[in-house]
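Only one structure is covered here, and it is reproduced in the block below.
In what follows, every heavy atom counts, from backbone to side chain, and hydrogens, waters and symmetry copies are set aside.
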Amino acid sequence: QVQLVESGGGLVQTGGSLRLSCAASGRTFSSPVMGWFRQAPGKEREFVGVIDRSGEITYYADSVKGRFTISRDNGKNTVYLQMNSLKPEDTAVYYCAAKQNFNYYYEDVKYDYWGQGTQVTVSS
């Protein structure tokens, strides 16, 4: 099993920034593909972004492109989601997830492991 633990969520004003972290532990498989998803109240979970094993390839949802950045430190088994210019519509529980390959990276059902989520609230 692989355990993923998110941290860094909180309350921030519109236009502010937060950095989420996702630390992996447990049975290690070499630097998997890591995705970030979010789920707002009453809405389905949606793709936010993904980073490949090397950290060189990232993709983002259109709604966060240019504002959010994903990075990783494989030595620390940690992935980061830097969120800038936050908007009230970014309010959600944010989850990190891991999978072995890059196929269908935008589909949550394709991920094997999930964190417990961290709440991000953006006040207007």
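Between the side chain of Arg72 and the backbone N or O of Val33 there is no donor-acceptor pair closer than 3.5 Å. A donor-acceptor pair under 3.5 Å is absent between the side-chain atoms of Gln39 and the main chain of Glu44, judged by distance alone. Using modelled atom types, no side-chain atom of Thr91 and backbone atom of Thr121 make a donor-acceptor pair closer than 3.5 Å.
Classification of the Tyr106-Tyr104 ring pair by plane angle, with boundaries at 30° and 60°, yields perpendicular. The aromatic rings of Phe47 and Phe37 sit perpendicular to each other, their planes meeting at more than 60°, with 30° as the lower class boundary.
Annotation for Pro32 and Ala98: closest pair CG-CB, 4.0 Å, computed over non-hydrogen atoms. Of all heavy-atom pairs between Gly8 and Leu18, the closest is O-CD2, 3.8 Å. Nearest approach of Tyr60 to Thr69, heavy atoms of both residues: OH-CA, 3.3 Å.
When each of Val48, Val120, Val12, Val122 is checked for a side chain to side chain contact (heavy atoms under 4.5 Å, CB included) with Asp90, only Val122 meets the rule.
Side-chain contact of Gln82 with Arg67: a donor-acceptor pair under 3.5 Å is absent, judged by distance alone. A donor-acceptor pair shorter than 3.5 Å can be found between the side chains of Arg38 and Tyr94.
When ring centroids are compared, Tyr105 and Tyr59 come within the 6.0 Å threshold.
Residue Ser25 holds its OG atom at 8.5 Å from CG of Asn77, rounded to the nearest 0.5 Å. The CE atom of Met34 sits 4.5 Å away from atom SG of Cys96, with the distance rounded to the nearest 0.5 Å.
Salt bridge annotation for Asp112-Lys99: absent, with no cationic side-chain nitrogen under 4.0 angstrom from a carboxylate oxygen.
Scanning for side-chain hydrogen bond (donor to acceptor under 3.5 Å, both in side chains) contacts around Asp62 gives Lys65, with sequence neighbours left out. When the side-chain hydrogen bond (donor to acceptor under 3.5 Å, both in side chains) test is applied to Ser17, the partners found at least two apart in sequence or on another chain are Asn84.
A 4.5 Å side-chain heavy-atom check between Ile51 and Ile57 finds every atom pair outside the cut-off.
One hydrophobic cluster, built from ILVMFWY side chains closer than 4.5 Å, cannot hold both Tyr80 and Val50; they sit in different ones.
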